[in-house]
Amino acid sequence: MKDDTHSVPRTVPIQSATFSNPTNAEIRRAAATGIYDIRGGGSKRKLPHFDDLLFLGASISRYALEGYREKCDTKVVLGTRYAKKPIELDIPVTIAGMSFGALSGPAKEALGRGASMAGTSTTTGDGGMTEEERGHSSKLVYQVLPSRYGMNPDDLRRCDAIEVVVGQGAKPGGGGMLLGQKISDRVAQMRNLPKGIDQRSACRHPDWTGPDDLEIKIMELREITAWEKPIYVKIGGTRPYFDTMLAIKAGADVVVLDGMQGGTAATQDVFIEHVGLPIISCIGEAVRALQDMDLHREVQLIVSGGIRGGADVAKALAMGADAVAIGTAAMIALGDNDPRWEDEYNALGTTAGAYDDWHEGKDPAGITTQDAELMKRFDPIAGGRHLNNFLKVMTLEAQTIARACGHNHLHNLEPEDLVALTMEAAAMTKIPLAGTNWYPGKPGTSY
Amino acid sequence: MQTFDLEAQGLRNLNAALQAQSKETNQTAWEVVNAKGSHAIAVGLDAPIEVTVKGSTGYYCAGMNKQATVRIHGSAGPGVAENMMSGTVIIDGDASQYAGATANGGTLIIKGNASSRCGISMKGVDIIVHGNVGHMSAFMAQSGNMVVCGDAGDALGDSIYEARLFVRGSVKSLGADCIEKEMRPEHLEILKDLLERGECDAKPEEFKRYGSARKLYNFDIDNAY
């Protein structure tokens, strides 16, 4: 019988998981503008990642090393296959390519300062080499990109290694975008284009079309630089087994493999979130390609795409990588998205930690901008110090884990040190599910 | 005249010898024999020397050239004079695809025809082609000049920025954002100089000029292809 003395309880409104508030907001934004969303950064949705793997520390079957007291080496040598002058890094963490144009000059300087203090390398980007970065980087990798913005033989000879960029984890198959808001006089001059217009980097190299051509291109670069410098080939994580094989076949000294959690200066959100593979699904395949060609450790593997700390470093190395590269984490270490600028992030319609409209050139932290006034806020000396601190912490963390697993070099970490926390991670990595010796697809098992 | 037998002495020795020359060198004239389609001949030069290559070349001949004059007595493979900074490259025969790709400066003269994507992403080079160019030539051309005395293939100047294109013959089709433009007196002067430098006796008045409509310069969905 109906109780007229009380109102009927109402159900609690439930937001649709499919049509979530962010999804609906994007539909409204698209309906109002007719333009897809362009933003910076990497994928924001939850993806299988290094957190889905755990280390097995030593107990009886493995013998642990004493933290801080027993040596755990971190050095890595890159380019031992053909280069006359391989690069030796003190730590297996490098700074990924980020362009001048996307980043300010002081930000590039800070990357150089921090990396040099930590004994590692930085990488140029789609915009050419700046004096800020060359001057402050003890070791600098020069990217040869499809756009060839700022490309010249003098800088090719001033670098310590050359990275032929074929793809990027955030947008494999896509070119870059640097929208007109960030094209200052200096950026325009370096890229040989008018000030204020959008600069669209090509999605493919203009003067080669496949692995056989790439092989000849690499030979030309070696001839121009007297076969001294290691040649890296960077690929986006999509078909890692075959792309790694073809990069090696083309003559790469080092393969750089970038997963979809990797960032970008600016591209379509739909690209960032829906194209490419999570990095943990790529590493094992790339290592398998190296092993099948009997070149694992002779051709080095650098992996990137959402590396955030020492545990990620240790896990990537345990899976067979020789080093990792960081981009977004380095920017955060410099001060990007810092809560100290919260009011200004709010004024831009966002919040610290979520700011990703780097293409607009209004970065309150003065890092992803070419605005002279905003750039003044960023101190490259302090930024470099922070980056150095962060790189040291990452290394210490990785060493701590390696010692606990009984290893006296980070490169001695191995897949047997790892277990997978989820079925998905086990299937993607072929690392056994925790508590078992099984992974999905493993032949001859009956679990 | 220094004569270098590529077959006998090897590519590395050739490039090392040529790259070792400076503006003070008295070895200003070089002849390369037995080219036989080899790749990366005379790349990365940075001295005002003259290099004559006897025979046809493979990929990337005279790549990233600075200052030098490289003459190919034959045809050139893909990517000839790619990313050239300055100097001159002259091809007596035909050029394969991507001739002068991304080149920043200097002059590229092709006495025969050029294949597809001639001058792709050119960034300041002057390219003079006596014959025809293939499809997608001057794709994303940023700056510099391209002169085509013959015909141009499909999608000429697709997504072009500020480069100037001069074509005497027919154009099969224009690419995105590329339009025919008025030939003003200053353009005739530019073209006259280019034709003289290109060892070409065509008359400037016989050419049409093409360039960017500039509709793709800033993102606008109504202009998207």
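Residue numbers begin at 1 in each chain, while the letters A, B, ... track the order of the sequences.
- Neither the backbone nor the side chain of B:L14 comes within contact range of chain A; no heavy atoms are under 4.5 Å apart.
- The CG atom of A:N152 sits 12.0 Å away from atom NZ of B:K123, with the distance rounded to the nearest 0.5 Å.
- Residue-level contacts of residues 226-233 of chain A with chain B, in order of numbering, are A:A226, A:W227; threshold 4.5 Å between heavy atoms.
- In this structure, the side chains of B:Y98 and A:T209 come closer than 4.5 Å at one or more pairs of heavy atoms.
- Using a 4.5 Å cut-off between heavy atoms, B:N65 does not touch chain A at all.
- Looking at B:R12, both its backbone and its side chain come within 4.5 Å of chain A, counting heavy atoms on both sides.
- Applying the salt bridge (Lys or Arg N to Asp or Glu O under 4.0 Å) test to residues at least two apart or on different chains, the pairs with a partner in residues 124-135 of chain A are A:K108-A:E133, A:E131-A:R158, A:E132-A:R186, A:R134-A:D160.
- Nearest heavy atoms, A:P153 versus B:M85: CD-CG, 3.5 Å.
- Counting heavy atoms of neighbouring residues, nucleotides and ligands inside a 6.0 Å radius, atom NZ of A:K249 exceeds 12 of them.
- Counting only residues at least two apart or on different chains, no salt bridge (Lys or Arg N to Asp or Glu O under 4.0 Å) pair has a member in residues 129-147 of chain B.
- To the nearest 0.5 angstrom, B:Q142 atom CD is 9.5 Å from A:R191 atom CZ.
- Both the backbone and the side chain of A:Y149 come within less than 4.5 Å of a heavy atom in chain B.
- Residues A:I224 and B:Y60 fail the side-chain proximity criterion, which asks for heavy atoms closer than 4.5 Å.
- Only the side chain of A:L221 comes within contact range of chain B, judged by heavy atoms closer than 4.5 Å.
- Under a 3.5 Å cut-off, the side chain of A:D207 and the backbone N or O of B:I120 do not form any donor-acceptor pair.
- In this structure, the separation between CD on B:Q19 and CZ on A:R157 is 5.5 Å, given to the nearest 0.5 Å.
- The shortest distance between side-chain heavy atoms of B:V43 and A:R222 does not fall below 4.5 Å.
- The shortest side-chain heavy-atom distance between A:R148 and B:N83 falls under the 4.5 Å cut-off.
- For the salt bridge (charged side-chain N to carboxylate O under 4.0 Å, His left out) test, no residue two or more places apart in sequence or in another chain qualifies with B:E50.
- Counting heavy-atom pairs under 4.5 Å between each of A:D213, A:T33, A:T225 and chain B puts A:D213 at the top.
- Within the 4.5 angstrom heavy-atom criterion, only side-chain atoms of A:D154, from C-beta onward, approach chain B.
- Taking CD of A:E215 as the start and OH of B:Y59 as the end, the distance is 10.5 Å to the nearest 0.5 Å.
- Residues A:M151 and B:M64 are in side-chain contact: their nearest non-hydrogen atoms beyond the backbone lie under 4.5 Å apart.
- B:T102 contributes atom OG1, which lies 12.0 Å from atom CG of A:L145 (distance to the nearest 0.5 angstrom).
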